[in-house]
Amino acid sequence: MATSTPTKRAAPSSNSQRPAKKGHWSQGLLESMNDPNLIVESDERIVIIKDKYPKARYHFLAIPKINVPNLKALKREQSELLRYMQDQCHLLASKYPHVEFRYGYHAIPSMSQLHLHMISQDFDSPCLKTKRHWNSFNTKYFLDSADVIRCLEERGMVVTMTPIAGEKLLDLPLKCHKCIYSPQNMPKLKQHLYKHSNN
DNA sequence: GTTCTAGAAC
DNA sequence: GTTCTAGAAC
């Protein structure tokens, strides 16, 4: 009995040994930084790319070209770099005069290399699927760029939170960012968001 | 970070 | 029975 092969996850094409760290998913930004299809703006200091899985109609990432793994790695003198990233995002936003954006960092990012999110507040996207997605942009897990810069300048380092505290924020009940509605699940939230949209 | 899907929730 | 989410992925 049980000799047939039940439908299971397809085995990886190459097995036994995990890929080298270079190809690990957490290093994906370093590849996206050099992907001409994703690059929107680029100069000697930073690159701005389209998020590969946008969580709103407009979702960009500003990334420094020098290696900065995360917020913790930042030194006081690099607040100027953060300002530059923010300024360049504001400049890009001026191309979309009727679009509302927020600018900020995830407290505990999954991907290596510092990246500033610039995301439109419609949150209208098929890639927005989970409570984690929502809460990562709509709780204190999303650290406002201006606050991060101020912290770095005043305290000489960026104070974030523990991974445990981050997980708690990601697990909070869903709540609309524009009104008091607390939907029971993601499909209801996504349907509700159309009420705040202009078209 | 995403994909996939078992089993919870409805 | 269908919808939805949470957790594994070697």
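In this text, all values refer to a predicted model and were calculated from it rather than measured experimentally. Note on naming: letters A, B, ... go to the chains in the order of the sequence lines (proteins, then strands), and numbering restarts at 1 for each one.
Residues that satisfy the salt bridge (Lys or Arg N to Asp or Glu O under 4.0 Å) test with A:Arg76, not counting sequence neighbours, are absent from this structure. A:Asp122 meets the salt bridge (Lys or Arg N to Asp or Glu O under 4.0 Å) test with no other residue; sequence neighbours excluded. The salt bridge (Lys or Arg N to Asp or Glu O under 4.0 Å) check on A:Asp144 picks up A:Arg102, with sequence neighbours excluded. Applying the side chain to side chain contact (heavy atoms under 4.5 Å, CB included) rule to A:Lys140 yields the partners A:Leu169; only residues at least two apart in sequence or on another chain are considered. When the ring-ring contact (aromatic ring centres under 6.0 Å, His included) test is applied to A:His192, the partners found at least two apart in sequence or on another chain are A:Tyr181, A:His196. Checked against side chain to side chain donor-acceptor pair (under 3.5 Å), A:His177 has no partners two or more places apart in sequence or in another chain. Residues meeting the salt bridge (Lys or Arg N to Asp or Glu O under 4.0 Å) test with A:Lys168, sequence neighbours left out: none. When the side chain to side chain donor-acceptor pair (under 3.5 Å) test is applied to A:Lys195, no partner is found at least two apart in sequence or on another chain.
The CH2-P distance, from A:Trp25 to C:dC10, rounds to 15 Å in whole Å. For the pair A:Leu172 CG and C:dT5 C1', the interatomic distance rounds to 17 Å; values are reported in whole Å. A:Asp171 places its CG atom 9 Å from the P atom of C:dG7, with the value rounded to the nearest Å. Taking atom CD of A:Gln27 as the reference point, atom C1' of B:dT2 lies 16 Å away to the nearest angstrom.
Put simply, A:His24 has no side-chain N or O that comes within less than 4.0 Å of OP1 or OP2 on B:dG1.
For the contact set between residues 108-126 of chain A and DNA chain B, defined by any heavy atom under 4.0 Å, the members are A:Ser110, A:Met111. The stretch residues 127-145 of chain A comes close to DNA chain B through A:Lys129, A:His133, each having a heavy atom under 4.0 Å from the strand. If you check residues 175-194 of chain A against DNA chain C, the residues with a heavy atom closer than 4.0 Å are A:Asn185, A:Met186, A:Pro187, listed by number.
Counting only Watson-Crick and G-U wobble pairs whose two key distances fall under 3.5 Å, DNA chain C forms stems of three or more stacked pairs at B:2-10 with C:1-9.
A heavy-atom distance below 4.5 Å is not found between the side chains of A:Asp124 and A:Leu193.
In this structure, A:His117 and A:Phe137 have perpendicular ring planes: the angle between them is above 60°, well past the 30° mark. Between A:Tyr58 and A:Phe101, the two ring planes are perpendicular [angle over 60°; tilted spans 30° to 60°]. Taking the six-membered ring for Trp and thresholds of 30 and 60 degrees, A:Tyr141 and A:His106 have ring planes inclined between 30 and 60 degrees apart.
Residue-environment remark: NZ (A:Lys72) stays at or below the threshold of 12 foreign heavy atoms within 6.0 Å.
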